[in-house]
Student: 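Submitted below is the structure of interest, expressed as structure tokens.
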Amino acid sequence: MNNFFQGYNLLFQHSLFASYMDWFHSFNCSLLLGVLVFVTLLFGYLIFGTFYFKSKKIEYQFGELLCSIFPTIILLMQMVPSLSLLYYYGLMNLDSNLTVKVTGHQWYWSYEYSDIPGLEFDSYMKSLDQLSLGEPRLLEVDNRCVIPCDTNIRFCITSADVIHAWALNSLSVKLDAMSGILSTFSYSFPMVGVFYGQCSEICGANHSFMPIALEVTLLDNFKSWCFGTME
Amino acid sequence: MPVEVEVPPTTYERLQQYKEKFSDALRHPDSPDWYKKETHESVKKDLLWAAPYDARFPQVRKQRQCFAYYVDFHRCNELMGQDYKPCKFFQNVYKDFCPGFWTERWDELLSEGRFPAKFDR
């Protein structure tokens, strides 16, 4: 779909929450466009208008009042969907069924699963000579993080050195990984597939080469994967 | 002595029990259970466990909860004895939350007697 917002749209979203976030983003962009057009027309009127003395008026209290009312109305328009999104996200966080611990390193990610020994692995980017046909460049990793679908997953994100950010664009997930701080969020993945992300906080020379690959699969497949991997 | 508290098994323990009971084979590809929601829900309920919500730590940042449960586990062992079964709940929670390299570091400090917490009160 080609429109004014083509370059501003988010990627194709893979969960209901991310679709709401996409709508909210487009809504705010349309408000921005409205404000831009309005202010441009107002400046054009003041510059090119025939009523010369009106544009030179020193005190215009009603205009000052309008400059307060219009931004307030715009903020109130933004407030309703914003709070709705927060509330909906809170509903997703009521409980968790599985915990995945993510640790950022320079320059790779480590994953642990709850207290399962053996399910601790590092996730490095695949180099060009390791890629198979169809695997995306600079995004595929050697060990993907595998999680079951339709399950509340709690991610505990921290860092072992500098600040990283664990981000998945198509699921509207982004959380800083800071040393000594354990940030958590809960998410339920409704779609089976492989989703990619990248480190989103500048962390050094290879910041662009520590991708995130998340493989969402059925619970039975996840169970078999655990049996095959754990000690 | 307080009433006996049943500690729920962790995900790893449930996986072990499941493997002993059913073996680790994947379900048959033609099984109709692939299309039954009740089967998936029951497997999820039986197999997955995560530390429950603790209202003392409602924030997004959970390092205090991680540390508090680690200390509570060792305090429970100190005050109630090593063979007190409900102490395992604290261990389950901190192993669920804490990154492995944190607890390894703390265990090292504990063995050297330099861990910055008191377990006798």
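From a predicted model like this one, the values you see are computed outputs, not experimental measurements. Order of the sequence lines fixes the chain letters, A, B, ..., with proteins taken first and strands second; residue numbering starts at 1 for each chain.
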Student: Side chain, backbone, both or neither: which part of Thr103(A) has a heavy atom under 4.5 Å from chain B?
Tutor: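 Thr103(A) touches chain B through side-chain heavy atoms alone.
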
Student: Give, as side chain, backbone, both or neither, the part of Leu47(B) having an atom under 4.5 angstrom from any heavy atom of chain A.
Tutor: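 Looking at Leu47(B), just its side chain touches chain A.
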
Student: What residue in Asn92(B), Thr11(B), Thr39(B), Leu15(B) has the most heavy-atom pairs under 4.5 Å with chain A?
Tutor: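 Looking at each option in turn, the highest pair count goes to Leu15(B).
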
Student: Taking side chain as everything from C-beta outward and backbone as N, CA, C, O, which of these in Phe222(A) sits under 4.5 Å from a heavy atom of chain B? Side chain, backbone, both or neither.
Tutor: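 When you check distances to chain B, only side chain atoms of Phe222(A) fall under 4.5 Å.
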
Student: Select one option (side chain, backbone, both, neither) describing which atoms of Thr158(A) are under 4.5 Å from chain B's heavy atoms.
Tutor: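 It is the side chain, since no backbone atom gets that close.
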
Student: For chain B, which of Met178(A), Glu120(A), Arg154(A) has the most heavy-atom pairs under 4.5 Å?
Tutor: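 The option with the most such pairs is Arg154(A).
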
Student: Could you have a look at Ser224(A), Pro148(A), Gly228(A) and say which one has the most heavy-atom pairs with chain B under 4.5 angstrom?
Tutor: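 Top option by heavy-atom pairs under 4.5 Å: Ser224(A).
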
Student: For the residue pair Asn28(A) and Gln78(A), confirm or rule out a side-chain donor-acceptor distance under 3.5 Å.
Tutor: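 Side-chain D/A pair, Asn28(A) to Gln78(A): present.
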
Student: Side chains of Thr10(B) and Asp115(A) only: does a donor on one sit below 3.5 Å from an acceptor on the other?
Tutor: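 There is such a pair (donor and acceptor under 3.5 Å, judged by atom type) between the side chains of Thr10(B) and Asp115(A).
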
Student: Please test Phe115(B) against Phe67(B) for ring-ring contact (aromatic ring centres under 6.0 Å, His included), starting from the C-alpha separation and ending with a verdict.
Tutor: CA-CA 11 Å; Phe115(B) 190 74; Phe67(B) 184 81; 5.8 Å; yes

Student: With a 4.5 Å cut-off on side-chain heavy atoms, are Leu219(A) and Leu48(B) touching?
Tutor: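 When only atoms from C-beta onward are counted, Leu219(A) and Leu48(B) do touch, with a gap below 4.5 Å.
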
Student: Taking NZ, NE, NH1 and NH2 as the nitrogens, is one of them in Glu38(B) or Lys36(B) under 4.0 Å from a carboxylate oxygen of the other?
Tutor: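 No, Glu38(B) and Lys36(B) are not salt-bridged.
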
Student: Side chain, backbone, both or neither: which part of Leu218(A) has a heavy atom under 4.5 Å from chain B?
Tutor: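 The side chain, not the backbone.
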
Student: Between Pro58(B) and Tyr53(B), what is the shortest heavy-atom contact and its length?
Tutor: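 Looking at all heavy atoms of both residues, the shortest contact is CB-OH, 3.4 Å.
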
